[in-house]
Amino acid sequence: MAENKLIVSSSPHLRGKDSTPKIMWNVVLALLPAWAFGIYFYGPRALWLTLIAVVAAIATEAAIQAIRKVPVTVFDGSAVITGILLAFNVPPGVPWWLVVVGSVIGIGIGKQAFGGLGYNPLNPALVGRAFVMASWPVAMTTKWIAPRGGSLSGAVGLDAVTSATPLTVLKLSRSKILDPESAEQAVQEARQAVELVYNAWPNMFFGKIGGCIGEVSAVAILIGGLYLLIRGFADWRTPLSYIGGVALFGWIFGGVEGVFTGHVLFQIFAGGLFLGAFFMATDMVTTPVTKKGRWIFGIGCAILTVFIRRWGGYPEGVSYSILLMNIFTPIIDRHTKPRIFGTSRKKKGGNG
Amino acid sequence: MANLLVIAIGAILINNFVLSRFLGLCPFVGVSKKTETAIGMGMAVIFVMTLASAVTWVIWTYFLSPGTSNIFWIIANALGSDTPAAAFDLRYLETIAFILVIASLVQFVELVLQKTSPALYEALGIFLPLITTNCAILGVAELNTMSLGYSFLEALVHGIAAGLGFTLALLMMSGIREKLEFAPVPKLMKGLPIAFIISGLMSMAFLGFSGLKF
């Protein structure tokens, strides 16, 4: 009889093979090259700091889910990613309890308070990072470790003058050059320092610079990021518009002498741009779902990043700009929703 | 001109009234459930803040603060009194004078609007009387005069920008809260607690703007 062969069900009728754990563990896999480079350049600290952060994230998630008596889903890999990304966003010299606090806040306040995976408006790892940044700003901006066989700023012969990461060198030098009251010699020295860090961009690309654990090497992130793009677990639009935008706006506004003097390769390889663009701006939960929305998200992140790098109080703006664009995500989604076929173009959706 | 731009960016991003001065939290949490109402509230706040900035600046400069521009001194002087200008110090009346004037002025403007421009009156709706006695409004008036000592134009720009910053925060908040409507938020977190957690997280994100220098 026919009724045995007809199955009545609601949409969706086609299902992909991807599941949450599969995607999440693939992201973890894609983060491994960056972790390996971090451990190579900063030593075993990078290994155990990351492990502590991951354990703290898993423990927090499991504890909260057990207390709430909901299914414990710590093995779907999402808490692992939060832990890894949090550790990747702190300087390698911070005390171990700092990453524990970051993980607990990130998972507890940033994710579980909203009902768990899929409902958090902001990226949990970035929430944790913003919290520890606000609480221990000195540790978060000074506990850098010189990479194996290299110097903190990546440039040779500069650490005698300063012990800062490349973006900090750029920021300090710029304020010296632009200040009309600084002495001629100070301006010359600042120009020289900028020249040295600009020329050191290959070190940034490979990772022989000071920085956070996971952002040390652009090439390692690129390997993992391309893997995600090829497997289709991340959308190419976001990293392309983000990195492209930073290249463009960084060239226009990022220089030290005025507009259109920025060093494009320096701007894109410095700091945490690659880590942010490939792994945090592509988070499925906290970024727009529409294609147009992803372009807007990436370009918005780029503008905010360059804005904070150039005028802000911090040398780097990647994590704050992604957080800020996370806040904008519902608005972007709302205004980039594709028109439903057959509905009028002019009428604005009342419940939109 | 550049100065005005710095004041505007400062009031919108660095010292956002909600997210870093923590003023006006009551309408921020109360009216941010839906984007439509958030827009209405935002418009009302911009309107009242601009109006309040202008009026309170005049009251402050010509009625309350001591000096030769104090109206009372000018009158007394014209009548032949020789009391020094510094004695006409009514600054202790700031709070009560500002609240009274802002509230009655907004009520008056509302009446005029109702008669002359019903469409605008409808758009601002219930939000106009709601916002009138809010701490954010009093805050912008106080900052303009007592704390920062702005000129009239600066005070006006600061008022508009503070309203814009409030609207921006309100819009972002309502977007997130609409999205969270169907989220399985834990029972003890539902409603106000989660609203305050979102505000806190947004405030942390806005820390990225701290220390902006131009």
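Lettering follows sequence order; numbering is per chain, from 1. The figures that follow rest on heavy atoms only: side chains count, while hydrogens, waters and symmetry mates do not. Fair warning: this is a prediction, and the values are worked out from it, not measured in the lab.
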Establish, yes or no, whether the cationic atom of Arg294(A) lies under 6.0 Å from the six-membered ring centre of Phe297(A) and within 45° of the ring axis. no

Does NZ in Lys33(B) sit with more than 12 non-hydrogen atoms of other residues, nucleotides or ligands closer than 6.0 Å? no

Let me know if Leu168(B) has heavy atoms under 4.5 Å from chain A in its side chain, its backbone, both or neither. side chain

Residue among Gly200(B), Gly175(B), Pro184(B), Gly211(B) with most heavy-atom pairs under 4.5 Å to chain A: Pro184(B)

Given that the side chain runs from C-beta out, which part of Leu180(B) has a heavy atom under 4.5 Å from chain A: side chain, backbone, both or neither? side chain

Contacting region of Ser174(B) [heavy-atom separation from chain A under 4.5 Å]: neither

Picking from Asp333(A), Leu324(A), Asn326(A), which has the most non-hydrogen pairs under 4.5 angstrom with chain B? Leu324(A)

Counting only heavy atoms not in Lys190(B), do more than 12 sit closer than 6.0 Å to its NZ atom? yes

Are Lys176(A) and Val187(A) close enough that some pair of their side-chain heavy atoms sits under 4.5 Å apart? no

Part of Met172(B) lying under 4.5 Å from any heavy atom of chain A: both

More than 12 non-hydrogen atoms from neighbouring residues, nucleotides or ligands closer than 6.0 Å to CZ on Phe131(A), yes or no? no

Comparing Val70(A), Ile322(A), Leu122(A) against chain B, the one with the most heavy-atom pairs below 4.5 Å turns out to be Leu122(A)

Region of Lys213(B) in contact with chain A, defined by heavy-atom distances below 4.5 Å: both

Look at the rings of Phe206(B) and Phe209(B) and say which category their plane angle falls in: under 30° parallel, 30 to 60° tilted, over 60° perpendicular. perpendicular

Could you look at Ile331(A) and say if it's the side chain, the backbone, both or neither that has a heavy atom under 4.5 Å from chain B? side chain

Drop me the distance from Asn89(A)'s CG to Glu316(A)'s CD, to the nearest 0.5 angstrom. 9.5 Å

